[in-house]
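What follows is a set of notes on a single structure, which appears directly below.
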Amino acid sequence: MSADFSKPYDPKQTESEIYDLWEKSGCFNPDNLPVKKGSKSFVVYMPLPNVTGTLHVGHALDNTTPDILIRYYRMKGKRTLWLPGTDHAGIATQYVVEKQLKKEGKTRFDLGRERFIERVWEWKKEYGGKILEQLKKLGLSADWSRTRFTMDNVYAADVIDAFIHYYKKNMLYRGLRTVNWCPRCQTSLSDLELEYKEGQTMLYYIKYGPFTLATTRPETKFGDTGIAVHPRDPKYKQYVGKELEIESLSVEGSLDAPAKKKNNITVVADEAVDREFGTGAVKVTPAHDLTDFEIGNRHNLPLVQVIDERGRMNEKAGKYAGMKAEDARKKIVEDLKTVGLLEKDEPYAHNLAVCYRCGHAIEPIPSTQWFLKMSSGGGSASGGEGLAERALDVVKKKKVIIQPKNFEKTYVSWLSNIRDWTVSRQIWWGHQLPVWFCKNKKEEFSKREKENFVVVAEKPKVCPFCKECDMEQSPDVLDTWFSSALWPFAGLSKEDRKKYYPGNLVSNAREILNLWDARMIFSGLEFMGKIPFQNVLIHGTVLTKDGKRMSKSLGTGIDPLKYVDEYGADATRFAVIWQASGQDIRWDEAAVIAGRKFTNKIWNASRFVLEQTKDLKSPNPKPVAKTKADTKILKTLEKTKKNTGKYIESFQFSRALHELYDFFWHEFCDRYLEASKKQIENEKLKRNTQAILLYILKESLKMLHPFIPFITETIYREFPGSSSLLIIEKW
RNA sequence: GGACGCUUAGUUUAGUGGUAGAACGUCGCAUUCACAUUGCGAAGAUCGCAGGUUCGAUCCCUGCAGCGUCCACCA
């Protein structure tokens with residue numbers, strides 16, 4: 001293969017050949033790099049793309065900047081590792097496969113858990129590697145030989161160990177949490193699995209002591225433990241913090257005198273209340289509404305469950321017990337009318353959440369979940385500081401630097417107000433909890449003190465409780481983020497951890513700063529005793545040209561491969577970096593075209609330089625400044641080199657690229673190349689001018705290589721006497 | 001509802017306490033000599049609005065308006 005300068009640069013032809021060359025050279029793997037002994041490593045953890053993901057411009061942003069750093073530091077002689085992998089993305093993947101099944105007229109229940117999971121693995125085998133293959137087209141120099149999937153056996157073992165570790169440290173506990181429940185499918189549903197149906201219901205205005213409350217669900221009133229108002233609402237200010245004895249409907253369906261009321265209601269002020277809705281005050285039923293559950297959590301309101309798993313009123317509902325919630329509603333409304341507590345009702349259109357599978361109305365009910373303690377407050381037995389405090393500390397002490405700086409605020413406020421992390425999920429695809437229950441000692445809900453389960457990696461041969469049953473594993477799986485939080489070390493082999501942990505950097509979009517970055521930080525501290533990386537780079541969101549969000553469903557998403565195909569990977573990378581200068585990016589195809597023009601310029605300038613210097617015997621003659629033009633270009637080169645390095649090291653990639661663009665195009669091509677034409681005609685200046693041309697071009701290619709690696713490598717191969725690859729050339 | 005951000009030439013944007021740089025586009029000129037995916041040159045910005053701080057603000061503060069993103073959610 002050699003470059004054909006008689007034709008315009010054709011990225012399509014060369015890019016895949018060059019990429020093969022790099023892969024074959026093994027230089028993506030830090031263990032193969034010709035680095036000096038004792039030289040430092042530079043490690044980047046790739047944001048794990050979901051196996052269900054399709055490539056979008058955001059991925060190009062996520063990955064182009066680390067690639068620049070990796071290539072730069074590789075050329076600077078560091079041992080560079082860029083660790084790639086994919087995430088099993090629990091709910092998202094399960095959802096995709098279930099949709100596939102639906103087309104065949106089946107549900108996951110038809111297959112059963114085991115066969116369903118097999119089916120997901122099949123799906124993963126077929127599509128799971130696709131996104132990484134697409135990423136390679138952008139020219140990323142990640143070490144693919146180390147690629148891991150968050151459900152690989154070795155990775156899974158670490159995930160299970162982590163769970164057991166937390167359990168032993170008394171940082172995991174079981175508790176109730178209100179979840180979306182389908183009474184027909186008998187399963188909890190994630191947000192993804194909800195569908196919304198527009199419906200007409202009634203909004204009932206119920207008298208509640210000094211309040212009138214609007215609700216669509218009067219049947220949950222027996223589970224009410226609070227009334228919430230907006231903190232800045234002057235109407236209700238006087239009641240906030242008071243516990244009220246309220247004249248209300250009794251479970252016998254009659255009027256309850258205030259004195260007889262057992263469960264009094266606390267008035268709380270909460271930001272979640274919409275002052276404009278209804279009367280501006282709402283009843284709080286933590287057991288049967290997700291928002292109310294959050295409010296209850298914030299104000300320590302008790303949880304009173306009045307509807308059961310089958311969607312029927314339970315014994316707490318007195319004479320209404322056993323009735324379906326819907327029927328109970330009618331009856332209760334009647335009774336409220338009779339006792340004079342119903343002020344009015346009006347029709348109300350709202351979105352009703354239904355099960356995506358069977359269409360049944362979902363019923364929020366409390367269910368047992370596993371929680372990971374985030375904070376030392378609340379009697380953590382781990383002594384010292386909790387996970388959140390430690391993650392906060394390293395950022396406050398600047399051991400971990402979040403850039404741009406203002407995202408530090410987001411991070412700090414999230415961790416400062418954090419609640420314990422619900423790590424269990426009621427789906428099938430994921431890391432199943434290493435929790436084993438005794439079949440003979442079943443309890444609805446068991447806290448530690450009256451255990452009927454053990455937490456161990458392998459199923460115990462003999463049940464420690466009844467000594468005779470075949471223990472049953474908890475059907476729950478872990479939240480996907482629980483496993484991806486371990487990525488900086490679970491992604492590495494035990495051997496690698498000694499060499500490549502801690503790493504240096506992650507680069508991702510802002511929406512996963514808390515979901516992922518924060519959790520990697522505290523997991524790293526907990527399990528490795530060290531921060532996983534010093535730098536968190538948050539890049540802007542890629543928007544459409546008119547400033548709208550890119551989304552697949554709106555048809556505004558953009559596949560960067562379209563540009564790779566049309567203009568080349570270099571031009572695409574150029575466009576991404578060129579535009580990623582400030583905040584969010586309004587993606588403009590014009591930038592890709594500018595990138596292609598630039599690569600074309602480089603191509604032609606290189607052709608000129610290589611032709612002009614063909615007769616130069618010594619491949620690397622020392623250039624000297626003999627003319628004004630010589631002095632100028634050599635000086636400017638030094639300045640550009642210095643600035644480019646400075647900008648790359650401080651993550652100002654766009655600035656670096658603009659500087660390089662300016663230098664190459666305007667200083668080198670427009671000025672020096674033109675001047676060189678005359679100088680070469682002068683025999684006295686000829687040799688030296690040739691030497692300068694070659695030298696400037698070579699140095700330019702090096703500086704440009706991290707940004708536009710393909711074309712620079714292609715041209716470098718044409719250099720007289722170049723034996724090695726540009727990718728490992730000294731910067 | 002919460003958090004964060006944006007508002008600078010036709011468009012996309014950079015930037016600084018002393019009235020602004022660029023890219024694309026537009027217009028004019030040039031060009032057999034690396035490149036028309038070119039070169040040279042020109043026009044084009046009261047730096048969202050209203051106050052304030054300051055000798056002086058596009059840059060700092062306050063308010064307003066518009067736009068957007070993320071998170072939470074619609075009782």
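Treat the numbers as computed from the prediction; the structure is a model and nothing was measured. Below, chains carry the letters A, B, ... as their sequence lines are ordered, and counting in each starts from 1.
Between A:His56 and A:His59, the ring planes are tilted. Angles from 30° to 60° get that label.
The CZ-C1' distance, from A:Phe293 to B:rC74, rounds to 19 Å in whole Å. Spacing between atom OH of A:Tyr661 and atom C1' of B:rU12 amounts to 14 Å, rounded to whole angstrom units. The NE2 atom of A:His658 sits 12 Å away from the P atom of B:rU13 (whole-angstrom rounding). The interatomic distance linking A:Asn514 (CG) with B:rG2 (C1') rounds to 13 Å, in whole Å. Per the geometry, OH belonging to A:Tyr205 stands 13 Å off P belonging to B:rA75, to the nearest Å. When rounded to the nearest whole Å, the span between CD1 of A:Ile512 and P of B:rC70 equals 14 Å. Rounded to whole Å, the distance from CZ on A:Phe598 to P on B:rU37 is 18 Å. Atom CD1 in A:Ile585 sits about 23 Å away from atom P in B:rC67, given to the nearest Å.
Minimum atom distance to the side chain of A:Arg510 is reached by B:rU69, of the listed B:rA34, B:rU69, B:rG39. Residue A:Thr215 places its side chain closer to B:rA75 than to any other of B:rA75, B:rU37, B:rG39. For A:Asp289, the listed nucleotide lying nearest its side chain is B:rA75; candidates were B:rG25, B:rC35, B:rA75. Counting only heavy atoms from C-beta on, A:Lys601 has its side chain closest to B:rA34 among B:rA34, B:rC24, B:rU37. Considering only side-chain atoms of A:Thr541, the nucleotide from B:rU69, B:rA23, B:rC35 that sits closest is B:rU69. For A:Trp578, counting side-chain heavy atoms from C-beta on, the closest listed nucleotide (B:rC35, B:rU69, B:rA23) is B:rA23. Distance from the side chain of A:Arg607 is smallest to B:rA34 among B:rU69, B:rA34, B:rU37.
Between A:Asn604 and A:Tyr9, the side chains place no donor N or O within less than 3.5 Å of an acceptor N or O (distance only, hydrogens not considered). Residues A:Thr212 and A:Lys344 bring no donor and acceptor atom of their side chains to less than 3.5 Å of each other. Between A:Thr613 and A:Gln690, the side chains place no donor N or O within less than 3.5 Å of an acceptor N or O (distance only, hydrogens not considered). Using modelled atom types and a 3.5 Å distance limit, the side chains of A:Gln369 and A:Ser367 yield a donor-acceptor pair.
For B:rU8 and B:rG66, the C1' atoms lie 16 Å apart once the distance is rounded to whole Å. Using C1' as the reference atom, B:rU54 and B:rG39 are 47 Å apart when rounded to the nearest Å. Taking the P atoms as reference points, B:rC64 lies 37 Å from B:rA22, given to the whole Å. Comparing the same atom, P, in B:rC24 and in B:rU19 gives a spacing of 27 Å after rounding to whole Å. Between the P atoms of B:rG10 and B:rC27, the separation comes to 16 Å (whole Å). Look at the P atom in both B:rC49 and B:rU58: the space between them is 10 Å, to the nearest Å. Nucleotides B:rA23 and B:rA45 are separated by 16 Å at their C1' atoms, to the nearest Å. Using atom C1' as the reference point in both B:rG63 and B:rU53, the two lie 15 Å apart (nearest Å).
A:Lys597 has no side-chain polar atom (N or O) that falls below the 4.0 Å cut-off from OP1 or OP2 of B:rA23. Note on A:Lys614: every side-chain N or O is 4.0 Å or more away from OP1 and OP2 of B:rA34.
In this structure, A:Asp670 reaches the sugar-phosphate backbone alone: every heavy-atom distance under 4.0 Å involves primed, P, OP1 or OP2 atoms, never a base. If you check every strand for non-hydrogen atoms under 4.0 Å, A:Glu611 touches nothing. Using a 4.0 Å heavy-atom criterion, one finds that A:Lys677 contacts the bases of the nucleic acid, with or without backbone contacts as well.
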Pairing annotation in dot-bracket form, given for RNA chain B with Watson-Crick or G-U pairs under 3.5 Å and | for cross-strand partners: (((((((..((((.......)))).((((((....).))))).....(((((.......))))))))))))....
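For the pair A:Arg217 and A:Leu515, both in contact range of RNA chain B, the more 5′-proximal nearest nucleotide belongs to A:Leu515. For the pair A:Ala590 and A:Leu673, nearest-nucleotide mapping onto RNA chain B gives the more 5' position to A:Ala590.
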Working for salt bridge (charged side-chain N to carboxylate O under 4.0 Å, His left out), residues A:Glu219 and A:Arg217: CA-CA 5 Å; A:Glu219 74 277 15; A:Arg217 303 206 54 197; 3.0 Å; yes
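Classification of A:Glu674 and A:Arg671 as a salt-bridged pair fails, no side-chain N sitting under 4.0 Å from a carboxylate O.
Because its NZ or CZ atom is not both nearer than 6.0 Å to the ring centre of A:Phe222 and within 45° of the ring axis, A:Lys316 does not count as a cation-pi partner of that residue.
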Show me the side-chain donor-acceptor pairs of residues 659-669 of chain A shorter than 3.5 Å, one per line, residues at least two apart or across chains.
residue	atom	partner	partner atom	Å
A:Glu659	OE2	A:Asn643	ND2	2.8
A:His666	ND1	A:Asp670	OD2	2.9
A:Glu667	OE1	A:Lys632	NZ	3.4

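With sequence neighbours excluded, no residue satisfies salt bridge (Lys or Arg N to Asp or Glu O under 4.0 Å) with A:Glu649. A:Arg519 meets the salt bridge (Lys or Arg N to Asp or Glu O under 4.0 Å) test with no other residue; sequence neighbours excluded. Every side-chain hydrogen bond (donor to acceptor under 3.5 Å, both in side chains) that A:Asn508 has, sequence neighbours left out, goes to A:Asp517.
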What's touching nucleotides 9-11 of chain B from the protein side, N or O pairs under 3.5 Å?
residue	atom	partner	partner atom	Å
B:rU11	O2'	A:Lys545	NZ	3.4

